[in-house]
Every structure is written in C-alpha cells, then in structure tokens.
Protein chains: 2
Amino acid sequence: MAKTPTRDAVEILHRRVYEGKPARLKNLEEARANEEIARGIHELRTAAALTQTQLARLIGTTASVICRLEDADYEGHSLAMLRRIAGALNQRVEIRFVPNRRSA
Amino acid sequence: MAKTPTRDAVEILHRRVYEGKPARLKNLEEARANEEIARGIHELRTAAALTQTQLARLIGTTASVICRLEDADYEGHSLAMLRRIAGALNQRVEIRFVPNRRSA
DNA sequence: TTGCTCTTTCGCAATGTTGCGAATAAACTG
DNA sequence: CAGTTTATTCGCAACATTGCGAAAGAGCAA
C-alpha cells in the first residue's frame, strides 16, 4: 500500500462537493444565510430602537452602509462588520462550524 | 417629553463602547475570537485527515492561504472563506449574535 | 546524513468590501 | 396637502482579503 491513497480521495470529494451538489444548492444556501444575517442586523438594530443613521454613527459609518447590510440580497457580509455592529450593541458574534444535515 | 431623547443616548452609548471599554479589551476579545477561528479551521481540517495542500485544493486555493488562516495571529478572517472551508468539509457556518455577559 | 512530506513566511497583483455623499423613495405627522 | 424623518439606491475611491508562487523551516524515516 502506498503511503497516501488520500490524494485521489481528495479529488473525489472535490468532485462530490462541486459537481455532485448542483452548485445551485450551494448558492441557495448562501442566499438564505445572507438573508438571515441581514434580518439579524435589522432585528438587533430595531430591538435597540435605533435608526440606521444612529447605528451608523455608533460604528462610525453612514446610513447607506447599514441599509446595504440589511438588504436581504446583499452578498458582501463580513466578519469585521458583524463584529462592529455586535460590539456597539453589547453583543458578540458567535461562529461555529456545524455538520451539515445529510452529511455523507 | 421630547420625541427623540434617543439622540443623546446614542452618543452616550457610543462613548461607553469606545471610551468606557479601554479599547484594549475590544482588541483582546477580537484576538481571542480570531484564535478560536484559526483553531477551528485547523481542527476541522485535521479531523478530516487532510493536509493543508489537500484542503487548499478542495476549496480552490493554495496551501499558503490555509496556513495563513490557521495562524492564531491572523486578523483577516472572512465569512466567505469560512464558508468555503465549511462547505468543502460538509459543514456550515452558523452565525449568531449573542448578548454580552455584563451587558449594561 | 539524504530524501520526502508538510508547514510556514514573504511579497505583490487581483479581487472584494467599505466609506461616503447625493439623490430619490417611502412612511409618518400635523 | 406640505414638512420631517427614515430608508433605499447608485457610483466610485479607499482599504482589506485572497491568489499564488517561491523559498525556507520542521519533522520523520531510511
């Protein structure tokens, strides 16, 4: 037996992920995730009874930026921004890797 | 009562967050968070019995990038990258805002 | 020691995210 | 209705992250 039969397996897995899953699924999941984040920000802000402009000031930016973040179609969410918002509202961003349903 | 006594409150909160907290605390928390992410990626990869090069191939990048991500001192973690890694390893990235201990 | 695999570090171009003003829309108040 | 506040959209410069190769450092086995 060779020392690394793993190499081929990696390629196979790769094909599974990027071909097996129609890649549209991946996009749908991402879209949903982005939607959730947008909603989360909106809820956090309204729960704190702040306008977009007020929240923007808190984190040192402008209302148009907040608006963009709360747009469900926005795909550019970043950890940095989420943390800024969370920090200003006495929250923190918790990040976990969780196994996918229907794993293998 | 005025309609928006909130404006001043916002400024006050701002000062609390950015001055009250010595700002060093914020950095410490961030550093710890980054460390956790780096460790998480490392664990995920080793648990899958992959080398950095193999994981890199899975997500379409190079080993040096993975190495950078697993460095505890790296401050540039992004949602996009976390998702790519999670996706390749049959996981997903769960993001939540959670209230800070010692809230007000 | 050599040879092999894996990891780490560096630098810079390419890509992606944010900053921000201005203009418009939408919602609410009186 | 006009007037006020809030939310949304657009464009582009500034900044941050990623891509990627090359070179060197560890670690392990023969």
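Reminder, nothing fancy here: chain letters follow the sequence lines and each chain counts from 1.
In this structure, the side chain of B/Arg45 engages the main chain of B/Leu50 through a donor-acceptor pair within 3.5 Å.
The residue A/Thr61 sits close only to the backbone: its heavy atoms come under 4.0 Å of sugar-phosphate atoms, none of a base.
Scanning atom types as modelled, no donor and acceptor separated by under 3.5 angstrom connect the side chain of A/Ser64 and the base of C/dG19.
Note: CZ (A/Arg57) to C1' (D/dT6) measures 14 Å, nearest angstrom. One atom, CG of B/Leu82, and another, P of C/dT17, lie 13 Å apart when rounded to the nearest Å. Atom-to-atom, CG of A/Leu50 to P of D/dT5 comes out at 17 Å; the value is rounded to the nearest Å. Rounded to a whole Å, the CZ atom of A/Arg68 is 7 Å from the P atom of C/dT18. For B/Gln54 and C/dT5, the CD to P distance is 12 Å, given to the nearest whole Å. Spacing between atom CD1 of B/Ile59 and atom P of D/dG19 amounts to 7 Å, rounded to whole angstrom units. Residue B/Ile66 contributes atom CD1, which lies 11 Å from atom C1' of D/dT18 at whole-angstrom precision. Across the protein-nucleic acid pair, A/Gln52 atom CD and C/dC20 atom P stand 16 Å apart, rounded to whole Å.
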### Query
What's the verdict on side chain to side chain contact (heavy atoms under 4.5 Å, CB included) for B/Val65 and B/Met81, showing C-alpha distance, side-chain angles and the deciding distance?
CA-CA 10 Å; B/Val65 171; B/Met81 187 57 93; 3.7 Å; yes
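Within residues 69-81 of chain B, the residues approached by DNA chain D to less than 4.0 Å at the level of any non-hydrogen atom are B/Tyr74, B/Glu75, B/Gly76, B/Ser78, B/Met81, in residue-number order.
Closest to the side chain of A/Cys67, out of C/dT18, D/dA22, D/dA7, is D/dA7.
Residue B/Arg45 places at least one side-chain N or O under 4.0 Å from the OP1 or OP2 atom of C/dT7. B/Arg84 has no side-chain polar atom (N or O) that falls below the 4.0 Å cut-off from OP1 or OP2 of D/dT17.
In B/Glu94, the CD atom is crowded: over 12 heavy atoms of neighbouring residues, nucleotides or ligands sit closer than 6.0 Å.
Considering only heavy atoms from C-beta on, A/Tyr74 stays 4.5 Å or farther from A/Asn34 through its side chain. With a 4.5 Å cut-off on side-chain heavy atoms, B/Leu55 and B/Leu44 do not count as touching. Using a 4.5 Å heavy-atom threshold, the side chains of A/Ile41 and A/Leu82 count as touching. Considering only heavy atoms from C-beta on, A/Glu43 comes within 4.5 Å of A/Arg39 through its side chain.
Between A/Ile59 and A/Arg84, the shortest heavy-atom contact is O-NH2, 2.9 Å.
Here CG of A/Asn90 is found 13.0 Å from CZ of B/Phe97. Values are rounded to the nearest 0.5 Å.
Each end of the helix from C/dT1-D/dA30 to C/dG30-D/dC1 yields a helix axis from five base pairs, and these two axes differ in direction by 50° (to the nearest 10 degrees).
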